Amino acid sequence: MDELNLTKYSFSKLKNFINCKYAFYRNYFENDRDTVEHGTSEFGSFCHKILEMYERGELEDYEMLNYYLQHYDEEVKSSFVIHMTEKFSKDFSNMYFEDGKMYFQNFTGFDDIKILESEYEFAENINNKYLLIGKIDLVAEDEEGNLIVIDHKSKSKFKNRAELAEYSKQLYIYALAIKNKYGKFPKKLMFNMFRKGNWITIDFDMEKYEETLKWVDDIVNEIETCMNFEPNGLGSFYCFNFCPYKYKCEYNE
């Protein structure tokens, strides 16, 4: 089959369907781009941009903080207010700004690894059924020649093991692309939780890799056979805070 006719799926697209089928429908079927951004998303994208510029040699480590300070206001414009409960909300704008400032102020590079690729884009043909796509923040190699996949995350931490396991699927998807390009799987899967300067390392596990590919296939099948795109996350934390359609959703009062 011509790959141009295959539907593309990414980890974020699959997560979008899991979070809310209605938001998924508005995004991917109606192509509704009249959305509301959240400050945390813009913050993450801006910091990713600075890290990418460093990784590509466009910024030195000592230049990153100045770039962050000079361009913050033009890159991060949306509200950081998060509704913790129905009656209580909090503005996290200052905390995020200070966390980013501290990170780039103390940044001295990635120790003991060799950068191979930054923002590596891939599109893997899955049994001529669909294309699994993504963009890997950083592909690196350690001193022993082992491959490492690194994903930059603006989250301060994962709230529990279940959330870590859910997000690790993203890195196992990346492992497929690494195997196909380099001929071997990565040894380590790493999250750079840059806002708080934390690193989470996962040893590559073949069983979890195979489970992830099955998970992808199951979600794709569910999407392609779905007959009802009513919201499944109505009233959730995501619904009130991060859904891009939260102010125009016909289901959400």
Side-chain angles (χ1 to χ4, degrees), residues 1-38 40-41 44-45 48 119-137 149 151 153 155 158-180 189 191 202 205-252:
M1 179 181 291
D2 187 349
E3 288 191 350
L4 293 176
N5 295 322
L6 295 178
T7 304
K8 297 177 181 179
Y9 291 96
S10 64
F11 176 77
S12 61
K13 186 174 182 178
L14 301 178
K15 285 284 290 179
N16 191 183
F17 180 78
I18 292 170
N19 286 333
C20 181
K21 293 178 182 179
Y22 179 67
F24 178 92
Y25 183 83
R26 294 288 290 263
N27 189 3
Y28 294 103
F29 284 86
E30 295 188 347
N31 296 313
D32 185 350
R33 300 295 180 260
D34 181 21
T35 58
V36 177
E37 291 294 324
H38 195 272
T40 55
S41 176
S45 297
H48 271 77
E119 301 297 316
Y120 171 57
E121 295 187 59
F122 64 86
E124 300 295 333
N125 186 328
I126 308 300
N127 301 320
N128 283 326
K129 293 169 55 182
Y130 55 90
L131 291 180
L132 192 53
I133 66 171
K135 183 185 290 187
I136 305 174
D137 288 339
V149 170
D151 187 65
K153 279 279 184 284
K155 293 172 68 68
F158 294 112
K159 59 187 179 183
N160 51 42
R161 290 184 179 180
E163 186 177 45
L164 171 59
E166 190 69 15
Y167 274 91
S168 70
K169 291 182 174 72
Q170 181 178 14
L171 300 189
Y172 277 110
I173 289 172
Y174 293 170
L176 169 66
I178 294 299
K179 176 65 164 61
N180 288 342
L189 311 174
F191 288 109
I202 302 168
D205 183 290
M206 182 59 70
E207 183 177 346
K208 288 185 173 60
Y209 168 77
E210 293 173 349
E211 288 174 356
T212 296
L213 295 188
K214 184 180 184 305
W215 173 82
V216 171
D217 214 45
D218 289 344
I219 299 298
V220 169
N221 287 335
E222 186 178 352
I223 291 171
E224 296 189 345
T225 58
C226 185
M227 302 297 290
N228 181 0
F229 287 92
E230 291 186 0
N232 51 303
L234 194 61
S236 67
F237 189 77
Y238 167 84
C239 176
F240 283 122
N241 291 290
F242 302 115
C243 178
Y245 306 103
K246 61 185 178 182
Y247 294 126
K248 55 192 293 188
C249 175
E250 60 189 83
Y251 296 96
N252 186 1

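Hydrogens, waters and symmetry mates are skipped; everything else that's a heavy atom, side chains included, is used. No experiment lies behind these values; they were computed from the predicted model shown. The first residue of the sequence shown is numbered 1, and numbering continues consecutively from there.
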Quick one: do Glu163 and Tyr167 satisfy side chain to side chain donor-acceptor pair (under 3.5 Å)? Show the steps, please. CA-CA 6 Å; Glu163 186 177 45; Tyr167 274 91; 4.8 Å; no
Donor-acceptor pair, side chain of Lys21 and main chain of Asn228, under 3.5 angstrom: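 Checking the backbone N and O of Asn228 against the side chain of Lys21, no donor-acceptor pair under 3.5 Å is found.
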Looking at Tyr174 and Lys135, would you say the former's side chain and the latter's main chain have a donor-acceptor pair under 3.5 Å?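 Yes: the side chain of Tyr174 pairs with the backbone of Lys135.
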Quick one: pull up [atom1] in [X] and [atom2] in [Y] and give me the separation to the nearest 0.5 Å.
{"X": "Ile223", "Y": "Leu14", "atom1": "CD1", "atom2": "CG", "answer": "5.5 Å"}
{"X": "Cys20", "Y": "Asn232", "atom1": "SG", "atom2": "CG", "answer": "5.5 Å"}
{"X": "Glu124", "Y": "Leu131", "atom1": "CD", "atom2": "CG", "answer": "9.0 Å"}
{"X": "Lys214", "Y": "Thr212", "atom1": "NZ", "atom2": "OG1", "answer": "11.5 Å"}
{"X": "Asn127", "Y": "Asn125", "atom1": "CG", "atom2": "CG", "answer": "7.5 Å"}
{"X": "Lys248", "Y": "Asp32", "atom1": "NZ", "atom2": "CG", "answer": "3.5 Å"}

Please say whether more than 12 non-hydrogen atoms of neighbouring residues, nucleotides or ligands are located less than 6.0 Å from CD in Glu207.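 No.
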For Lys208, I'd like to know if atom NZ has over 12 heavy atoms of other residues, nucleotides or ligands within 6.0 Å.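 Not more than 12 within 6.0 Å, no.
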Do Tyr25 and Glu230 touch side chain to side chain, with heavy atoms closer than 4.5 Å?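 No - every pair of side-chain heavy atoms lies 4.5 Å or more apart.
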Answer yes or no: is there a side-chain heavy-atom contact under 4.5 Å between Ile126 and Val216?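 Not in contact.
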Between Asp137 and Glu119, is the side chain to side chain contact (heavy atoms under 4.5 Å, CB included) condition met? List the steps. CA-CA 5 Å; Asp137 288 339; Glu119 301 297 316; 3.3 Å; yes
Trace of the side chain to side chain contact (heavy atoms under 4.5 Å, CB included) decision for Lys129 with Asn221: CA-CA 10 Å; Lys129 293 169 55 182; Asn221 287 335; 4.0 Å; yes
Identified side chain to side chain contact (heavy atoms under 4.5 Å, CB included) counterpart of Phe17 within the set Tyr28, Phe229, Tyr9: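 In the set Tyr28, Phe229, Tyr9, the residue that makes a side chain to side chain contact (heavy atoms under 4.5 Å, CB included) with Phe17 is Phe229.
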Work out which heavy atom in Tyr245 is nearest to a heavy atom in Ala23; give both atom names and the distance.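 Residues Tyr245 and Ala23, closest heavy atoms: CE1-O, 3.5 Å.
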Identify the two heavy atoms, one from Ser41 and one from Glu37, that lie closest to each other, and give their separation to 0.1 Å.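 Ser41 and Glu37 have their closest heavy atoms at OG-OE1, 3.6 Å.
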Would you please classify the geometry between the Tyr120 ring and the Phe122 ring as parallel, tilted or perpendicular, with 30° and 60° separating the classes?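 Answer is tilted, since the angle falls between 30° and 60°.
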Please check if any side-chain donor atom of [X] sits under 3.5 Å from a side-chain acceptor atom of [Y], or the reverse.
{"X": "Asn27", "Y": "Arg33", "answer": "yes"}
{"X": "His38", "Y": "Asn241", "answer": "no"}
{"X": "Asp217", "Y": "Tyr130", "answer": "yes"}

Could you go step by step and tell me if Ile219 and Lys169 meet the side chain to side chain contact (heavy atoms under 4.5 Å, CB included) rule? CA-CA 13 Å; Ile219 299 298; Lys169 291 182 174 72; over 6 Å; no
Before giving the answer on side chain to side chain donor-acceptor pair (under 3.5 Å), spell out for Tyr172 and Glu211 the whole-Å C-alpha distance, their side-chain angles and the decisive distance to 0.1 Å. CA-CA 9 Å; Tyr172 277 110; Glu211 288 174 356; over 6 Å; no
Stepwise side chain to side chain contact (heavy atoms under 4.5 Å, CB included) check, Leu164 with Ile202: CA-CA 10 Å; Leu164 171 59; Ile202 302 168; 4.2 Å; yes
